Amino acid sequence: MENNFAGRDINTAGRDNVITNYLTGLRHLRPRPIDPDIVMPPDRFAPPAGFDAALQSVRSTSFLPVRSRVIVLRAPESSGRRSAGMRLLADASVPAGRHFELLPDWDEPDVATLPEERNAAYLLNLRGVASPLPAQFFQDMIHYAGKLDTADSYLVVTASSDVWAGRLPEAATGIRVVDIERPVPRKVVEHYLPADRVIWLDDPGSSFFGVLPAESAPSEAVRLADVIVRAKGPVDVERLDEYLGWTDTVRSWFRGGSKDVEPRAIRIAGAVLNGAPAAVILDSADLLLRAPEIDLPQEAGGLLARPDASKRLEPAGMSFDPVTGTAYLVHASQGPALLTYLWTQHIQLSQVLTRWLQEISSGPARGNLDVLAGSLTTLAQAVGISPVLKLVDGWLALNDVGSIDLVGDLLSDLAVHPTLGGKIRPELAKWAGGKSQPARQQAIAHAVANEFGRTYTSQALNRVRSLLRSPGSEDVRQSALKALRRLIAMPELTALTVDTLVKWISTETETATVEPGVFLNALSPFPNGKPAPEPLLQALSQENEAGQAIRRRLIEGWVQVAEREHRAGPVQEALLEWRRAAETNLVPEESFVDFMVSLGRHMGHVDPLFLNVVKAEGRLKDKLITRIFADVAIAYDRALEGSISVATVNTGAPDIVNDQS
């Protein structure tokens with residue numbers, strides 16, 4: 001089979017098929033192993049109405065001899081769909097350890113991206129997805145259900161009726177759609193509490209009597225159970241206030257007066273920087289106190305007149321760890337409650353805080369931007385993404401590295417959020433293509449290099465491609481390359497990223513979307529002249545099918561680059577860099593030599609670019625020449641053996657030859 005690289009020594013049809021299947025599998029949503037009994041233990045599960053019908057779909061009985069291979073659980077958001085899906089997975093007849101969760105890592109829903117391994121049970125969780133699935137999705141699902149039946153596997157889909165809104169064709173055997181209801185909140189609580197505390201819900205003298213709304217989401221019922229478990233007794237006003245979002249407590253902090261201005265500032269700083277060094281929190285609070293709208297006069301003596309960190313933090317409801325120097329809110333849930341209150345009830349102050357957040361992100365909190373971003377993600381849950389995106393544009397207008405990194409961290413957190421992610425990820429696609437706002441593009445690149453890239457890799461790579469095709473500045477291009485290198489260097493993402501990169505530069509199946517130089521830069525062991533071999537190291541040194549698939553794609557990438565670019569100059573220098581990396585032990589020597597032997601088979605051993613790299617002076621010159629000559633000799637012997645076999649077959653008619661003579 002031509003142009004297939006299969007290993008260190010030899011290509012075989014069988015191995016090529018394995019690698020081809022592996023590369024095809026990279027286009028599938030990544031199965032994430034889960035244990036349903038840990039995620040949703042049976043003794044904690046309150047079955048919702050309709051669940052029994054779904055359960056029968058994965059069981060074979062005398063009344064229902066054919067199992068459904070695709071079961072769709074439809075219910076509104078926050079109805080416990082995922083928990084129900086987990087219990088359905090647990091009941092599917094697949095071996096232990098063969099349960100997986102799938103995230104919708106696609107820009108356009110496509111059934112072809114769904115995996116179809118044998119004896120597996122998948123949960124496709126469409127939480128946070130807002131757009132209805134396209135009609136083609138439902139058509140293709142019929143064929144997919146047939147594949148699952150052959151593989152003896154299952155797919156459970158959890159979605160709202162707005163998302164799973166299309167009609168399946170009548171021929172859709174093996175697929176069943178079940179509408180389930182939100183479980184009764186009281187029953188959920190009962191699964192999490194001992195009986196002697198459940199009765200507090202019915203005791204008029206208890207702090208928790210009648211506090212659970214009849215339409216509560218299961219997560220709210222679980223939260224109440226957690227609060228009751230930690231209560232000191234049936235009457236615990238503080239725990240009740242915690243469950244109600246600290247409403248009374250937070251209001252009491254802002255009743256007015258100048259006496260408690262400093263503790264308020266420290267509380268606010270602690271809310272956005274919980275777990276940061278105490279010095280960072282206190283310095284940030286001091287910046288807020290010096291804001292023109294506040295302007296608290298400093299005591300004579302400045303810092304010497306102030307108490308130590310512990311004494312300043314304690315009135316603000318924070319603890320201080322003298323060993324690590326960090327500070328924490330005594331009640332962590334007060335942070336989100338405080339931020340929500342400020343942005344919804346204290347509008348004038350929230351405008352001041354917007355500017356203050358910009359100041360501390362490039363000042364005292366510069367080294368704790370990840371903590372700051374996490375707090376703002378929590379804020380977005382309460383007040384929506386619009387106010388947070390307004391903050392983002394304000395930071396980006398500063399156009400400095402600290403602000404861009406903060407926005408990148410925040411966008412990454414939002415992109416992977418269970419409920420907000422479905423709204424943010426499409427927005428990031430628009431931002432990536434907007435070359436008129438390069439600061440936004442740089443923030444996207446920073447997000448790709450973080451959790452967004454690790455969790456939604458295919459979507460993140462699409463954002464990188466947009467950045468590379470339409471960069472608003474050279475800084476954007478470099479940031480995109482840096483993000484791409486970061487993904488290649490992650491062992492679990494190397495194969496998918498290299499495969500995608502080669503597709504970008506390929507002209508065999510579609511018009512190339514990225515210039516070949518991106519391939520060279522992304523895998524360079526000396527970017528900007530400094531050793532940074534991690535991407536190339538992962539690409540050359542992985543083992544088993546993944547390693548074989550990666551190296552095959554590297555070969556195809558070099559062939560594409562050589563065909564589209566001049567064979568001297570930068571291209572030759574890039575391959576020489578790979579050799580120098582091996583000679584200086586930045587990448588494994590043997591892996592590089594194996595790669596060069598295989599590259600010679602595909603480019604041709606007399607190709608000028610290839611020969612120049614092999615013959616260049618250096619420690620590996622003799623080894624490369626020896627191995628390549630040996631490989632040529634093996635190929636020659638095989639070709640000769642093939643010729644002899646053909647000749648032997650042709651000697652089967654000697655009489656005809658003699659007659660002709």
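The chain is numbered in sequence order, starting from 1. Keep in mind that what you see is a predicted model, and the values were worked out from it rather than measured.
Inter-residue side-chain proximity for Val448 and Leu487 is flagged as met; some heavy-atom pair is nearer than 4.5 Å. No side-chain heavy atom of Tyr192 sits less than 4.5 Å from a side-chain heavy atom of Asp226. Here the side chains of Met603 and Ile555 are not in contact, with every heavy-atom distance at 4.5 Å or above. Looking at Leu123 and Arg82, their side chains come closer than 4.5 Å, going by heavy atoms from C-beta outward. The side-chain heavy atoms of Ser160 and Val163, taken from C-beta on, include a pair separated by under 4.5 Å. Inter-residue side-chain proximity for Val222 and Leu224 is flagged as unmet; no heavy-atom pair is nearer than 4.5 Å. Contact of the Ile180 side chain with the Pro48 side chain is registered, since non-hydrogen atoms from C-beta on lie closer than 4.5 Å. Side chains of Leu496 and Ser458 form a contact here, defined as non-hydrogen atoms less than 4.5 Å apart.
A donor-acceptor contact shorter than 3.5 Å is absent between the side chain of Arg463 and the backbone of Gly433. The backbone N or O of Val502 sits nowhere less than 3.5 Å from a side-chain atom of Ser506 that would complete a donor-acceptor pair. Between the side chain of Arg81 and the backbone N or O of Ala75, at least one donor-acceptor pair lies under 3.5 Å. Side-chain atoms of Arg118 come within 3.5 Å of backbone atoms of Thr150 as a donor-acceptor pair (strictly under, hydrogens ignored). Panel note: side chain Asn450, backbone Phe452; no donor-acceptor pair is recorded below 3.5 Å. With His602 contributing its side chain and Ser598 its backbone, the two residues share a donor-acceptor pair below 3.5 Å. Under the 3.5 Å distance criterion, the side-chain polar atoms of Ser216 are left unmatched by any main-chain donor or acceptor of Ala221. Using modelled atom types, no side-chain atom of Gln441 and backbone atom of Pro471 make a donor-acceptor pair closer than 3.5 Å. In this structure a side-chain-to-backbone donor-acceptor pair under 3.5 Å is missing from Ser470 to Leu467. A donor-acceptor distance shorter than 3.5 angstrom exists from the side chain of Asp105 to the backbone of Thr457, with no hydrogens or angles considered.
Taking CG of Leu73 as the start and OG1 of Thr158 as the end, the distance is 7.0 Å to the nearest 0.5 Å. Interatomic distance, CG of Leu554 versus CG of Leu523, reported as 6.0 Å (0.5 Å rounding). Atom CZ of Arg440 is separated from atom CG of Leu411 by 9.5 Å, given to the nearest 0.5 angstrom. Taking CD1 from Ile385 and CG from Leu379, the interatomic distance works out to 12.0 Å, rounded to the nearest 0.5 Å. Here the straight-line distance linking atom OG1 of Thr113 with atom CG of Leu102 works out to 8.5 Å at 0.5 Å rounding. The CZ atom of Arg176 lies 9.5 Å from the CD1 atom of Ile71; values are rounded to the nearest 0.5 Å.
In this structure, Arg32 forms no cation-pi arrangement with Phe100, as its terminal cationic atom is not both closer than 6.0 Å to the ring centre and no more than 45° off the ring axis.
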Does Arg74 form a side-chain contact (heavy atoms from CB on, under 4.5 Å) with Val177? I'd like the steps, not just the answer. CA-CA 7 Å; Arg74 288 199 309 191; Val177 180; 3.6 Å; yes
Applying side-chain contact (heavy atoms from CB on, under 4.5 Å), run through Leu484 and Leu461 and close with a yes or a no. CA-CA 8 Å; Leu484 185 59; Leu461 285 169; 3.9 Å; yes
Kindly determine whether Leu29 and Trp106 satisfy side-chain contact (heavy atoms from CB on, under 4.5 Å), including the steps that lead there. CA-CA 8 Å; Leu29 302 183; Trp106 54 38; 3.9 Å; yes
Apply the test side-chain contact (heavy atoms from CB on, under 4.5 Å) to residues Met141 and Ile175: give CA-CA distance (whole Å), side-chain angles for both, the deciding distance (0.1 Å), then the verdict. CA-CA 8 Å; Met141 189 58 76; Ile175 304 174; 3.6 Å; yes
Test salt bridge (Lys or Arg N to Asp or Glu O under 4.0 Å) on Glu515 and Arg477 and set out the steps. CA-CA 12 Å; Glu515 70 273 13; Arg477 184 176 181 278; 3.5 Å; yes
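Centroid-to-centroid, the aromatic rings of Phe138 and Trp164 come within less than 6.0 Å. Aromatic pair Phe595/Trp578: ring centres closer than 6.0 Å. The ring of Phe51 has its center closer than 6.0 angstrom to the ring center of Phe45.
At a threshold of 4.0 Å, the pair Arg551-Asp594 does not count as salt-bridged, since none of the basic side-chain nitrogens sits closer than that to a carboxylate oxygen. The pair Glu117-Arg98 counts as a salt bridge, with a side-chain nitrogen and a carboxylate oxygen less than 4.0 angstrom apart. A salt bridge is absent between Glu190 and Lys187: the closest approach of a Lys/Arg side-chain nitrogen to an acidic carboxylate oxygen does not fall below 4.0 angstrom. Using a cut-off of 4.0 Å between Lys/Arg side-chain N and Asp/Glu carboxylate O, Lys503 and Asp499 are scored as salt-bridged. With salt bridges taken as basic N to acidic carboxylate O contacts below 4.0 Å, none links Asp107 and Arg425. In summary, Glu427 and Lys423 do not engage in a salt bridge, as defined by a charged side-chain N under 4.0 Å from a carboxylate O.
Checked by atom type, the side-chain pair Asp409/His446 shows a donor-acceptor distance below 3.5 Å. Of the N and O atoms on the side chains of Tyr154 and Ser68, not one donor lies less than 3.5 Å from an acceptor on the other residue. Side-chain polar atoms of Gln548 and Arg552 form no donor-acceptor pair below 3.5 angstrom. Judged by distance alone, the side chains of Thr494 and Gln542 do bring a donor and an acceptor atom under 3.5 Å apart.
When all heavy atoms are compared, the tightest approach of Ile550 to Ala539 is CG2-O, 3.1 Å. The two residues Arg127 and Glu77 make their nearest non-hydrogen contact at CG-OE1, 3.4 Å. Residues Met86 and Met40 approach most closely at CB-CB, 4.0 Å, considering heavy atoms. Contact record, Ser57 with Ala53: OG-O, 3.2 Å, taken as the closest heavy-atom pair. Minimum heavy-atom separation, Pro213 to Pro185: O-CG, 3.8 Å. Here the closest heavy-atom approach between residue Gly453 and residue Ala460 is recorded as CA-CB, 3.7 Å.
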